[in-house]
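This report refers to the structure that appears directly beneath it.
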Amino acid sequence: MAALSAPLVSLPRYPTANNHLLSLIDQCTNTKHLYQIHAQMLRTGLFFDPYTASRLITASALSSFSSLDYAHRVFDQIPQPNLYTWNTLIRAYASSSQPNLSVVVFLEMLYQSCELPNKFTYPFVIKAASELKALRLGTGFHGMIVKASLASDVFILNSLVHFYGSCGHLELAYRVFLNIRNKDLVSWNSMITTFAQGNCPKEAIELFREMEAESVKPNDITMLGVLSACAKKVDIEFGRWVCSYIERNEIRVNLTLNNAILDMYVKCGSVEDAKRLFDRMPEKDVVSWTTMLDGYAQSGNYDEAHRIFEAMPSQNIAAWNALISSYEQNGKPKEALATFHKLQINKSAKPDEVTLVSTLSACAQLGAIDLGGWIHVYIKKQEIKMNCHLTTSLIDMYSKCGDLEKALDVFNSVEKTDVFVWSAMIAGLAMHGRGRAAIDLFSKMLEAKVKPNAVTFTNILCACSHSGLVDEGRNFFHQMETIYGVVPGVKHYACMVDILGRSGHLEEAMEFIEKMPMAPSVSLWAALLASCRLHVNVELAEQACSQLLELDPRNHGAYVLLSNIYAKTGKWDRVSALRKFMRDSGLKKEPGCSSIEINGIIHEFLVGENSHPLTKEIYSKLDEVAAKLKSVGYVPNKSHLLQFVEEEDMKEQALNLHSEKLAIAFGLISMGSSQPIRVVKNLRVCGDCHSVAKLISGVYEREILLRDRYRFHHFKGGQCSCMDYW
DNA sequence: CTAGGGTTAG
């Protein structure tokens, strides 16, 4: 009997040779070693022991010199893989760069193996689903788990919490969490992390309190989640408390935890605390350096930022990105582009999508279409994966640089879209005065089953405002909450005030403001004030202005708008009173500044500028323009003169010095006549400049694209795309 | 003999 049941090839359960080979696997440092062991296993027949073969798979799949390909080939040689072997491969793929293959192997197993997935299989394959953010897939696994009666396993449930969290479904994650009967530390950590990363820092901290109340002892991972929540909440008080909590409870502080504390200090605005910790840290890595660098850059301390940058052991792309994006976000787009340029020369790191997004955004701010277009080509040439972030930035860049057609090309050519891509395209149409097209696109977006968000509504209301679509604007505003569940914020109210005020419904705008459930913002009053100028309503303007100044006493824009209205109605005494007041309180009008890009170089003109090398030519061009326009009957409109110039003949001259005129004149001399002149102005275009640009576009047969603070003016054949509604 | 939770740049 004993002889009959013995296997043909006798394999002792734990033979010494077996143990010896296994211990050799742990000592492998390269693939060659693995091949030798593999060969030895085949020779001795040990390979056909599922456990031994699985160890070989694990070693080749998860080691530092890993080759998943090889692991898979090893797997394919195994005649009858058991469940453990399958799990090994599924696990290896789950944490690889191709988690989808984990799912493929899982499915193969369902078809080929007579064994069913067990409690070990699911955490792996759910991890793959989390990586893929594949909600439906993971939900399917969840169903299988319930059917297989595995739904009480705490390991599986914890991975489901993590899975729903990484898909952004916090409610589902929380529901699973609540259903875990025997919650362990990882359950709490998973849920806290999910809340912290899902932009619910309050809930994360509440859960941490609850955990304490249940006497579950937190560890370093818990604190990472809590600190990340503090950083998101910008609550330094609580952050400091967390640090002392870590000390009091003797939680092991490793490099990662120190980095998290560092980040918390930076995000909460205390670079000083961050620096103190940074100097004391026994060990630092790239993350520590980059976080510190980012802290200085975000706070505008570029001297220190550069010092850190130079001192870092290696300048990775994240470090460059920290500099570029902080410049771009702190209103220093030129510095952002200069840094990008340095990166290109330096070649120490390769631009990634974050770099390109920030740089495109800087191009958009400056109207630098040459560089922006160059980056577009770069993306194609380098075969950089287009994601929604990049698509959004490209659409935004082309729109803001005045090339709406290119923006539409990008929009129409991408496969992947999200709500931000659609919203950016709607914004592009809006700023070019194509209100109807923006509304059509909104309908298409709904057809594509993309849910509009707060940004979408800001943009669509903006479209209505620029195109004078008052009824449509009212409708969207009322529908946004009732139909789409987006609660109007103060920005949406400001848009509505703009829509109503601009179209002359000043009374209705005022009533609308009175019924607002929140306090009006500076920009809301500014919108009303601008409407008062357009429709010349001195009384309401004074009201709006005083409300605005109460919120922001040093807002020079408000004084300028009000003085415009006084000037328009001939109240010159009030104009001078305002001017005196501004001078006495040290308030200066923001100087008008226009820029134009010629052959990739941005030329800037301040109002009255005369430092440009071609100043002489520019001014003589302006004289020529003035003479030509006079001959077609143009009379300068002096009421647009906002500079408080008192002497009459000075006014006409000052009008000629407006920055947009200088930039247009420069464009006329420096560019080929077939190219449109693209100008970006920091303020709203003045009425006289608007008329002049229209005339130039006719007389000189030149297209002019003028972007002002609020929108685009596309001058062609003597007309403007705004139809004079601005 | 296999599991689950992690810090940086948009």
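Naming convention: chains lettered A, B, ... in sequence-line order (proteins, then strands); numbering from 1 in each chain. Computed from a prediction, not measured in an experiment: that's the story for all the values here.
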message: Is there a side-chain contact between Q197(A) and the phosphate of dG5(B), meaning an N or O under 4.0 Å from OP1 or OP2?
response: no

- request: Quick one: list whatever passes salt bridge (Lys or Arg N to Asp or Glu O under 4.0 Å) with R252(A), sequence neighbours left out.
  value: D220(A)

task: Hey, can you tell me if W374(A) and F340(A) have their rings parallel, tilted or perpendicular (30° and 60° cut-offs)?
output: perpendicular

message: Can you pull out the residues from residues 78-90 of chain A that lie within a 4.0 Å heavy-atom distance of DNA chain B?
response: Y84(A), N87(A)

- prompt: How would you label the contact of D184(A) with the nucleic acid (heavy atoms, under 4.0 Å): base, sugar-phosphate, or nothing?
  reply: base

Do any side-chain atoms of residues 267-274 of chain A form donor-acceptor pairs under 3.5 angstrom with protein atoms, and if so which ones, sequence neighbours left out?
from, atom 1, to, atom 2, distance (Å)
K267(A), NZ, D263(A), OD1, 3.1
K267(A), NZ, D263(A), OD2, 3.3
S270(A), OG, D273(A), N, 3.2
S270(A), OG, D273(A), OD2, 2.6
D273(A), OD1, R276(A), NH1, 3.2
D273(A), OD2, R240(A), NH2, 2.6

- request: Tell me, with the steps shown, if E212(A) and Y245(A) meet side chain to side chain donor-acceptor pair (under 3.5 Å).
  value: CA-CA 12 Å; E212(A) 271 206 288; Y245(A) 180 95; 3.2 Å; yes

- request: Output every pair passing salt bridge (Lys or Arg N to Asp or Glu O under 4.0 Å) with a member in residues 343-367 of chain A, not counting sequence neighbours, ordered by first then second residue.
  value: none

query: For the side chain of D220(A) and the base of dG6(B), is some donor closer than 3.5 Å to an acceptor across the two?
result: no

- request: Grab the CG-P distance between L224(A) and dG5(B) for me, whole Å please.
  value: 13 Å

query: Across the strands shown, which category fits N258(A) at heavy-atom distances under 4.0 angstrom: base, sugar-phosphate, nothing?
result: nothing

Nucleic acid contacts - residues 304-335 of chain A versus DNA chain B, non-hydrogen atoms under 4.0 Å: A318(A), N321(A), S325(A), Q329(A)

task: Please check if any side-chain donor atom of N453(A) sits under 3.5 Å from a side-chain acceptor atom of T456(A), or the reverse.
output: yes

field: salt bridge (Lys or Arg N to Asp or Glu O under 4.0 Å) involving K491(A) - partner list, sequence neighbours excluded
entry: none

